[in-house]
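Comments concern the structure below.
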Amino acid sequence: MRYLLFLFLLLPITLLAQDFPYQREIDTIPVTIGNWQPYSPWCMGSSASQPSFGDLDGDGDYDLIVGQFMGCIYYYQNTGSTQQPYLLMQTETLAGIDDDRGWVSPVLIDIDNDGDLDLFYSANGPEHFYRNDGSVSTFNFSFITDSIPGLIGSWGLFFIDFDADGDYDLFAGQGSGHICYYENTGSPTNFEFTLVTDYFSNIDVGTASDPVLCDIDDDGDYDLFIGELNGHLWYYRNDGTPQQYNFTLVSNYWLGIYVVEKAASEFCDIDGDGDYDLFVGREPNLGDPTHGDVFYYENVGTAQNPDFQFVTANYLTADVGYYANEQLIDLDHDGDLDLLVGSGHHIQYYKNIGSSLSPAFFLEDTAFAGIDLIDIQPFFCDIDADGDYDLFAGTTAIPGPPGMRLYLNQGTPQHSHFVLYSENFVPGNYFVIIVPTLADIDADGDLDLFITDHQGHYFYYENTGTPQWPTFQFVTDNWQGLNGNIDYRRFLRFYDIDHDGDLDLFFFNNWNEPGGSNLRFYRNVGTPQNPSMVLVTRTFFPCEVIEPVPEFCDIDGDSLTDIFVGDLFGGILFFHGVDTTGVAPFNPYSVPKDISLSLFPNPSNAGAVVRFTLPGAGLVRVGLFDVEGRVVGAHCVRPVGEAGGFQGARSAPLQETWFPAGTHDLRLDAKDLPSGVYLIRLDTGQQRVTGKVVVVK
């Protein structure tokens, strides 16, 4: 394990062991894809990746930044050399940029001629400028403006001294497929862009043009390359002179490059051999979620006669495409854990070619077992107790209901052979897509089944059969009352995180609630036979992960729990366990015996937080009253972060919903209430508590 990454400053993810007993590691477990090992395999996934190279740390080699669909910029520092790069992830939010307009297209350029690299980016239109107020070796970006005079918005930026007057001019791709050309009519130290044409050379590539100019044939003038929405590159050769350009279309499908969607090219002599290599950013989609983050083509020719050879689609990370739904199991029964990832239509199989103490993964198969299902949601387990893994596979079915497929392993523990047993093994009234999870939730020795669908139902089927063959009996579509807490499919994982002998529960939040891009942790305060799930936190991870899919295991045999986390855009993060005391056993005596209630701020103007603690799970009726005891029906107490009331009924005078045991926050919306004293009443049927809030306008 070559690099152990401690990102105390750049990534807010390594905390005190007592808070989060895991440290994030980027490259400590190697991954091989084809003949390539991504430098930083265990990182966030990429979508609409936009690469830009530059020497940010002033050490003479090229570092890399990559814009993303979600509005942020990833920064990879070259910790290798000019000839042998090693690009290690440093932060997923360079300069703190998190633009909610998305589609970030960044460029590093010394626009003020002070010797260090400044930062520009476009975000689905507007251009932003961050000046580097640091130094050549230590960057410090300061936001200057998001409205550059004269610019009309773009999809992709490229700076070059096109007119050879000593300052940088600007080419800006357009959503229309055209290119705008701006001349820098300022100076090398004070830029001022003047529009020359919004239809450069009458070029139209269709949609979302992303231009790059490069002297690809070393003849002294700039040639033009344009990425576009359909995933191809257009190549225009300059048949003119450096003083008088004349672009001729050579190919609208250059090198046969297809990156699914939104091709974004960048040329860089990354290996220091004197010619340009090619990098192409891309965006997968749900219909074709092929793996990859940035495509890399090495120039094995010369500067005058380039010959680009495809090397890898995963230049930086082990990005699997979309929706990384991973499991770690010993598929081949050789004593170590292998990695299987559902993404798109297929399951990707990464064989552990290392050991149980020193893992290393190799992408063995991108369509494991030949299975092809739309938006496949796999879960491996030994359902028939014959010593090998079988496969449950949820899928999407539009417009009809989806089915739960069961594939039985008819091979051996060492050599699997999956055969479809049933296309609808567990019939049910599911919506759009189903995601299965199996766990022995009642500790009777067989696996029970949990299914979520696209409407957030939480189906529980008890296994009333035997360990050798299941009989799944429907129990509820609202297990533990969790339906009220989810409005989308969930990737569930059960794991005894506190080592108290029962299974705890993890799944990600709703987008519209606090910690929306994070993981919920429910602690089982019941028994192995009779679980009772209590919400501990909506932000289990100390960093944002888009729709996280957690997988718990001991990957390196050190008796500590490690966590792998898939995300929406195909990335898989790795958190290495460093402390066994970080997750303390649950103390049943710490649960309060009575319901409690507090409100703050109090007095209040526009609203207040209503915090209450329940000794046990159950239905809670919430009412808002004036001092005369009349129900105030036009105002709603609702969960924090949600726009509507319980059950979406904002106008109902009394609200009732199910809550697990523990502490919960509601919000009183008081912006339309006149000044006065109001009462909040919580009623569980067994206990009632009332709090007073003063509204002052």
Side-chain angles (χ1 to χ4, degrees), residues 22 325-330 337 340 342 377-383 385 389-394 404 426 434-453 456-463 467 470 472-483 485-486 489-509 518-538 540-541 545 547-555 560-566 575 577 583 585-586 617 660-662:
Y22 311 92
N325 184 356
E326 81 287 353
Q327 263 188 283
L328 285 113
I329 60 173
D330 187 4
L337 295 175
L340 292 108
Q377 305 298 328
F379 193 90
F380 291 87
C381 63
D382 185 5
I383 196 60
Y389 286 99
D390 307 295
L391 171 62
F392 286 82
M404 175 66 67
V426 187
I434 52 178
V435 182
T437 301
L438 289 98
D440 185 5
I441 198 61
D442 51 10
D444 63 351
D446 52 36
L447 294 173
D448 307 294
L449 174 65
F450 298 83
I451 297 174
T452 60
D453 68 6
H457 294 112
Y458 202 129
F459 299 92
Y460 167 47
Y461 293 84
E462 181 184 357
N463 188 346
F472 290 120
Q473 181 69 43
F474 173 74
V475 178
T476 179
D477 65 355
N478 190 17
W479 187 70
Q480 298 277 323
L482 293 176
N483 276 8
N485 295 314
I486 57 179
R489 61 176 168 178
R490 289 293 181 268
F491 302 98
L492 310 173
R493 288 296 185 268
F494 290 93
Y495 186 76
D496 184 8
I497 195 70
D498 51 12
H499 307 294
D500 63 350
D502 53 36
L503 294 174
D504 307 297
L505 174 62
F506 298 82
F507 61 78
F508 65 80
N509 289 308
N518 212 300
L519 191 70
R520 288 189 181 206
F521 164 36
Y522 287 82
R523 195 191 301 273
N524 188 348
V525 301
T527 66
Q529 295 75 24
N530 294 288
S532 176
M533 298 296 174
V534 173
L535 178 64
V536 176
T537 180
R538 291 183 174 90
F540 181 77
F541 293 127
V545 182
E547 297 193 13
V549 182
E551 176 74 355
F552 301 86
C553 66
D554 178 9
I555 191 62
L560 300 177
T561 298
D562 308 304
I563 309 176
F564 290 82
V565 185
F575 295 88
V583 181
F586 180 75

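Atoms considered below: every heavy atom in the structure, side chains included; atoms not considered: hydrogens, waters and symmetry mates. This one's a predicted model, so the numbers in the text were calculated from it and none came from an experiment.
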Between the main-chain N or O of [Y] and the side-chain N or O of [X], is there a donor-acceptor pair closer than 3.5 Å?
X: Q480; Y: P531; answer: yes
X: D390; Y: I383; answer: yes
X: N509; Y: R538; answer: yes

Return the [atom1] to [atom2] distance between [X] and [Y], rounded to the nearest 0.5 Å.
X: M533; Y: L482; atom1: CE; atom2: CG; answer: 8.5 Å
X: I451; Y: L492; atom1: CD1; atom2: CG; answer: 10.5 Å
X: E551; Y: F564; atom1: CD; atom2: CZ; answer: 9.0 Å
X: N463; Y: Q473; atom1: CG; atom2: CD; answer: 10.5 Å
X: C553; Y: I329; atom1: SG; atom2: CD1; answer: 11.5 Å
X: L337; Y: Q327; atom1: CG; atom2: CD; answer: 11.0 Å

**Report entry** Between Y522 and F507, ring centroids under 6.0 Å
**Finding:**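 For Y522 and F507, the ring centres are under 6.0 Å apart.
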
Can you label the angle between the [X] ring and the [Y] ring as parallel, tilted or perpendicular, going by 30° and 60°?
X: F459; Y: H457; value: tilted
X: F540; Y: F552; value: perpendicular
X: Y458; Y: F450; value: perpendicular
X: W479; Y: Y460; value: tilted

If you compare all heavy atoms of [X] against all heavy atoms of [Y], which two are closest, and at what distance to 0.1 Å?
X: G566; Y: V545; answer: O-CG1, 4.3 Å
X: L560; Y: G577; answer: CD1-O, 3.2 Å
X: P378; Y: N325; answer: CD-ND2, 4.0 Å
X: T537; Y: L535; answer: O-CD1, 3.5 Å
X: F541; Y: V565; answer: CZ-CG2, 3.3 Å
X: N524; Y: S532; answer: OD1-N, 3.0 Å

Requested in this report: Evaluate the criterion side chain to side chain contact (heavy atoms under 4.5 Å, CB included) for residue pair D448 and D440; output intermediate values, then yes/no.
Outcome: CA-CA 5 Å; D448 307 294; D440 185 5; 3.8 Å; yes

Are side-chain heavy atoms of [X] and [Y] found at a separation under 4.5 Å?
X: L519; Y: P550; value: yes
X: E326; Y: V549; value: yes
X: Q377; Y: F491; value: yes
X: D562; Y: L328; value: no
X: T452; Y: I434; value: no
X: I441; Y: L503; value: yes

**Report entry** Contacts of type ring pair (Phe, Tyr, Trp, His ring centres under 6.0 Å), residue F379, not counting sequence neighbours
**Finding:** none

Requested in this report: Not counting sequence neighbours, which residues clear ring pair (Phe, Tyr, Trp, His ring centres under 6.0 Å) with F392? List them please.
Outcome: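 Partners of F392 by the ring pair (Phe, Tyr, Trp, His ring centres under 6.0 Å) criterion come out as none, since no residue qualifies.
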
Query raised in the report: Does D496 have any side chain to side chain contact (heavy atoms under 4.5 Å, CB included) partners at least two apart in sequence or in another chain, and if so, which?
Result: D498, D500, D502, D504

